[in-house]
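Below is one structure; the comments refer to it alone.
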Amino acid sequence: MEKLGREFFDRDTVAVAQDLLGKVLVRRVDGMTLSGRITETEAYVGRVDKACHAYGYRRTARTETLFAPPGTAYIYLIYGIYHCLNFVTEPEGEPSAVLLRGLVPVEGTAEMARRRFGKEPEQLTSYQKKHFLDGPGKVCMALGLTRAQNGLDLTGEELFLADDGSPRPSFHTGTRIGIDYAEEAVHFPWRFYL
C-alpha cells in the first residue's frame, strides 16, 4: 500500500471527498493495526458552506484545526457523545475538510468489534454486522479516535490513508446528513458513497 502524502489533501475539497472513496484508513494503536476501506464521505468548504464549522473563516478554539495544513486530522465531538474524524484539505488557512462517514473493515476486525460492541465478530447480530462502521461516531469508536487525536498529522505513522491499488469505485452523490440549519448549503451535493 502506498501512503497518501500531503499533496493528496492539498486540493479541492469536493475532489478529495470523491477520491477518498475506496482508499484505506489505517490506525496504529496499542501495538495493533486497525484499518478500513472508505465507503462514505462528505465535503465541507468554509468559505462558502454554512454547514462548515468555520463558515466565513470563523476561528474558535474548536475550529482552529480546520485552518491547519492539509492532511491534518480534525476531530470534534457531537451531541456530547460521538467523535467525528475529518481530513483537512486545501491550502493552510483555508478552512475545509472531508468528514469520514463510513468504512468497511480491512484489518483488525475483531478489535474493532470489541471496541464497538464488547463482542467478538462472530457474536454480532446481523443488524450489528450491517451497521458496524456506517456512521462517523461508529468509525471513531472502533478505531479508538477521540479529541486527543485532533490535530494529528495524517502523513505520520499513527493515523494515515493509503492507496492499495484498487481501481476507483463508482459512487453515488447526494446531499449531506444532519445539516438542516445550513440554509442553501443543505442542497449542496457533497455527500459521496459506495
Side-chain angles (χ1 to χ4, degrees), residues 4-23 25 27 38-103 133-141 143-156 158-161 168 171-194:
L4 301 179
R6 200 164 311 282
E7 67 283 350
F8 176 86
F9 302 97
D10 191 8
R11 302 180 294 130
D12 175 77
T13 303
V14 173
V16 173
Q18 294 170 350
D19 292 345
L20 280 165
L21 294 171
K23 300 295 190 281
L25 177 65
R27 165 92 156 119
I38 297 174
T39 59
E40 187 176 357
T41 61
E42 289 181 349
Y44 290 85
V45 181
R47 68 185 165 276
V48 297
D49 181 3
K50 291 178 181 170
C52 182
H53 294 160
Y55 170 64
Y57 297 91
R58 180 178 52 239
R59 289 182 102 123
T60 66
R62 180 190 196 196
T63 67
E64 196 59 37
T65 307
L66 281 169
F67 295 87
T72 299
Y74 170 49
I75 302 177
Y76 60 88
L77 192 65
I78 57 168
Y79 311 126
I81 304 170
Y82 303 110
H83 290 92
C84 296
L85 170 63
N86 297 257
F87 311 118
V88 175
T89 57
E90 303 200 16
E92 185 171 357
E94 275 301 319
S96 299
V98 175
L99 171 65
L100 174 62
R101 288 201 55 86
L103 294 175
L133 299 173
D134 66 348
K138 296 172 186 180
V139 168
C140 284
M141 185 182 297
L143 298 178
L145 295 171
T146 67
R147 289 270 305 145
Q149 286 76 44
N150 182 52
L152 203 61
D153 182 354
L154 294 168
T155 65
E158 183 179 344
L159 183 66
F160 60 90
L161 289 122
R168 181 180 176 175
F171 59 88
H172 302 279
T173 300
T175 55
R176 296 168 296 174
I177 295 171
I179 58 163
D180 297 340
Y181 58 87
E183 298 177 9
E184 72 279 357
V186 168
H187 305 292
F188 293 177
W190 288 355
R191 175 174 163 246
F192 310 101
Y193 55 101
L194 302 184

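Small disclaimer: the values here were computed from a predicted structure and weren't measured.
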>> Please determine whether side-chain contact (heavy atoms from CB on, under 4.5 Å) holds for the pair Arg27 and Gln149, giving the CA-CA distance in whole Å, both sets of side-chain angles, and the decisive distance to 0.1 Å.
In response: CA-CA 11 Å; Arg27 165 92 156 119; Gln149 286 76 44; 3.9 Å; yes
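- Taking OH of Tyr44 as the start and OH of Tyr55 as the end, the distance is 15.5 Å to the nearest 0.5 Å.
- We find the CD1-CG distance between Ile179 and Asp49 to be 6.5 Å, quoted to the nearest 0.5 Å.
- Of the possible donor and acceptor atoms, one in the side chain of Arg176 sits under 3.5 Å from a partner among the backbone N and O of Ala185.
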>> With side-chain contact (heavy atoms from CB on, under 4.5 Å) as the criterion, how do Phe9 and Val88 come out once you've worked through the C-alpha distance, each side chain's angles and the decisive distance to 0.1 Å?
In response: CA-CA 7 Å; Phe9 302 97; Val88 175; over 6 Å; no
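- Taking 4.0 Å as the cut-off between side-chain N and carboxylate O, Glu183 and Lys50 count as a salt-bridged pair.
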Under 3.5 Å donor-acceptor pairs involving side-chain atoms of residues 68-81, not counting sequence neighbours:
from: Thr72; atom 1: OG1; to: Pro69; atom 2: O; distance (Å): 2.7
from: Tyr74; atom 1: OH; to: His53; atom 2: ND1; distance (Å): 2.6

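- Scanning for ring pair (Phe, Tyr, Trp, His ring centres under 6.0 Å) contacts around Tyr82 gives an empty result, with sequence neighbours left out.
- Pro95 has its side chain out of reach of Thr63: every pair of non-hydrogen atoms, C-beta onward, lies at least 4.5 Å apart.
- Look at Lys23 and Asp19 and you find no salt bridge, because none of the NZ, NE, NH1 or NH2 atoms lies under 4.0 Å from a carboxylate O.
- A heavy-atom distance below 4.5 Å is found between the side chains of Trp190 and Val45.
- The CD atom of Gln18 lies 6.0 Å from the OG1 atom of Thr173; values are rounded to the nearest 0.5 Å.
- Every residue meeting the ring pair (Phe, Tyr, Trp, His ring centres under 6.0 Å) condition with His172, not counting sequence neighbours, appears here in chain and number order: Tyr193.
- Not a single donor-acceptor pair under 3.5 Å links the side chain of Thr89 to the backbone N or O of Thr13.
- In this structure, Arg11 satisfies the cation-pi test against Phe8, with its NZ or CZ atom closer than 6.0 Å to the six-membered ring centre and inside 45 degrees of the ring normal.
- Contacts of Asn86 classified as side chain to side chain donor-acceptor pair (under 3.5 Å), with partners at least two apart in sequence or in another chain: none.
- Atom-to-atom distance recorded for Leu145:CG and Leu152:CG is 8.5 Å, nearest 0.5 angstrom.
- In this view, Arg147 satisfies the side chain to side chain donor-acceptor pair (under 3.5 Å) rule with no residue, not counting sequence neighbours.
- Taken to the nearest 0.5 Å, the CG atom of Leu21 stands 5.0 Å off from the CG atom of Leu194.
- Formation of a donor-acceptor pair under 3.5 Å by the Glu40 side chain with backbone atoms of Asp134 is not found in this model.
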>> Using the rule given for side-chain contact (heavy atoms from CB on, under 4.5 Å), can you reason through Cys52 versus Leu66, listing the C-alpha separation, both sets of side-chain angles and the distance that settles it, and then say yes or no?
In response: CA-CA 10 Å; Cys52 182; Leu66 281 169; 4.2 Å; yes
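- Taking Asp153 as the reference, Arg6, Thr155 meet the side chain to side chain donor-acceptor pair (under 3.5 Å) condition, with sequence neighbours excluded.
- Nearest heavy-atom pair, Asp180 versus Val186, reported as atom, atom and distance to 0.1 Å: O-CG2, 3.8 Å.
- Of all heavy-atom pairs spanning Ala17 and Ala43, the tightest one is CB-CB, 4.0 Å.
- Note: Ile38 CD1 to Phe87 CZ = 4.5 Å, rounded to the nearest 0.5 Å.
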> Taking it one step at a time, do Tyr57 and Glu94 satisfy side-chain contact (heavy atoms from CB on, under 4.5 Å)?
Replying inline: CA-CA 8 Å; Tyr57 297 91; Glu94 275 301 319; 2.8 Å; yes
